[in-house]
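As structure tokens, the structure follows; a few thoughts come after it.
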Amino acid sequence: MKNHYAQLVRIALFYGGLCFLVWWGFCSLGSWLLFPVKADDDEFIRIIRWSGHIVGEKIVGLILLSVTALLASRAHRPTWKWGVATGIAAAMVYQVIAVFVYIMRFGASSYGEDNNFFYTMWATVSLAWLFGYLAVRRQCLLEKHAV
């Protein structure tokens, strides 16, 4: 059992950290390529571009979170329950890193105005459970039929 915990933590840290770096790269490229700031834009156009950028970040973040949970679940699955737990842990590592970086950049009061940490973690666990289970569903069905 102890070895499974260590493996789960290693895989969660690797996939969660990698997911955050990929997300950060997509967001940086998106702000430069898709939503560039131009000096002659009026305030309305800037707000529209910023809103599009934020919505794009959220969508890419949810997609990456789902893919991370799916891949992490497939990477470590001695049983289907361990696979789902690994996917959830990797997704939570990604979200905790993202929240930490946001708070370091903009402050805790700014995070508290627009976000709710518990809702973020609840949504992360729910989405990660779904995609983690989809990754190990076949193994779950085989284990249930073997018993």
Side-chain angles (χ1 to χ4, degrees), residues 3-142:
N3 190 19
H4 292 310
Y5 287 115
Q7 187 73 7
L8 182 143
V9 169
R10 280 194 299 268
I11 288 175
L13 288 173
F14 175 75
Y15 279 95
L18 183 64
C19 178
F20 176 77
L21 291 176
V22 169
W23 175 79
W24 188 282
F26 279 146
C27 292
S28 298
L29 289 176
S31 65
W32 293 334
L33 299 175
L34 299 176
F35 306 104
V37 176
K38 297 178 183 171
D40 59 343
D41 287 342
D42 62 353
E43 190 65 26
F44 180 72
I45 297 298
R46 287 183 184 162
I47 290 172
I48 295 297
R49 280 203 175 114
W50 180 250
S51 299
H53 178 72
I54 294 300
V55 168
E57 277 187 6
K58 295 292 183 185
I59 291 171
V60 168
L62 290 174
I63 291 170
L64 284 174
L65 183 135
S66 303
V67 169
T68 298
L70 188 115
L71 294 176
S73 294
R74 298 285 296 171
H76 177 65
R77 52 189 172 123
T79 66
W80 71 272
K81 293 176 186 176
W82 278 101
V84 172
T86 305
I88 291 171
M92 288 186 68
V93 166
Y94 159 66
Q95 282 294 359
V96 167
I97 292 171
V99 167
F100 178 75
V101 169
Y102 186 94
I103 289 173
M104 295 309 295
R105 289 181 69 198
F106 303 112
S109 62
S110 175
Y111 179 80
E113 288 176 10
D114 300 327
N115 301 295
N116 183 342
F117 183 76
F118 295 110
Y119 174 74
T120 300
M121 288 301 132
W122 177 80
T124 299
V125 168
S126 300
L127 200 57
W129 181 88
L130 174 68
F131 281 91
Y133 178 74
L134 288 176
V136 296
R137 181 176 182 273
R138 184 173 180 204
Q139 182 179 2
C140 172
L141 295 175
L142 289 174

Could you walk me through whether F118 and W122 pass the ring-ring contact (aromatic ring centres under 6.0 Å, His included) check?
-> CA-CA 6 Å; F118 295 110; W122 177 80; over 10 Å; no
Distance-only, no hydrogens or angles: does the Q95 side chain make a donor-acceptor pair with backbone N or O of T120 under 3.5 Å?
-> no
Looking only at heavy atoms, which two atoms of L65 and Y94 are closest? And how far apart?
-> CD1-CD2, 3.7 Å
Grab the two heavy atoms, one from H76 and one from T86, that are nearest each other, plus how far apart they are.
-> CD2-OG1, 3.2 Å
Does some side-chain heavy atom of I47 sit less than 4.5 Å from a side-chain heavy atom of S51?
-> yes
Rounded to the nearest 0.5 angstrom, the CD1-CG distance for I63 and L127 is 10.5 Å
Straight-line distance of H4 NE2 to K81 NZ, nearest 0.5 Å = 13.5 Å
Would you call the rings of W82 and Y5 parallel, tilted or perpendicular, where under 30° means parallel and over 60° means perpendicular?
-> perpendicular
Any pair counted as salt bridge (Lys or Arg N to Asp or Glu O under 4.0 Å), so long as it reaches residues 97-116, sequence neighbours left out = none
Rounded distance (nearest 0.5 Å) linking atom CG of L64 with atom CG of L21 | 11.0 Å
Is the count of non-hydrogen atoms from other residues, nucleotides or ligands lying under 6.0 Å from F106 atom CZ greater than 12?
-> yes
Could you list the residues that satisfy ring pair (Phe, Tyr, Trp, His ring centres under 6.0 Å) with Y111, not counting sequence neighbours?
-> Y102
More than 12 heavy atoms of other residues, nucleotides or ligands under 6.0 Å from CZ of R137: is that the case?
-> no
Any idea which heavy atoms bring V136 and S73 closest together, and the distance?
-> CG1-O, 3.8 Å
Is there a side-chain contact between M92 and V125, using heavy atoms and a 4.5 Å cut-off?
-> yes
Looking only at heavy atoms, which two atoms of A89 and L8 are closest? And how far apart?
-> CB-CD2, 3.8 Å
Is there a donor-acceptor contact under 3.5 Å from the side chain of R49 to the main chain of R46?
-> no
Not counting sequence neighbours, list each pair that qualifies as a ring-ring contact (aromatic ring centres under 6.0 Å, His included) and has a residue in residues 53-75.
-> F35-H53, W50-H53
What's the shortest heavy-atom distance between A128 and I88, and which atoms?
-> CB-CA, 3.7 Å
Heavy atoms, side chains only, cut-off 4.5 Å: are W24 and S28 in contact?
-> yes
Smallest heavy-atom separation, S66 atom then F131 atom, equals OG-CE1, 3.4 Å
Would you say the ring centroid of F26 lies under 6.0 angstrom from that of W23?
-> no
Find the distance between CZ (F20) and OG1 (T68) and round it off to the nearest 0.5 Å.
-> 12.5 Å
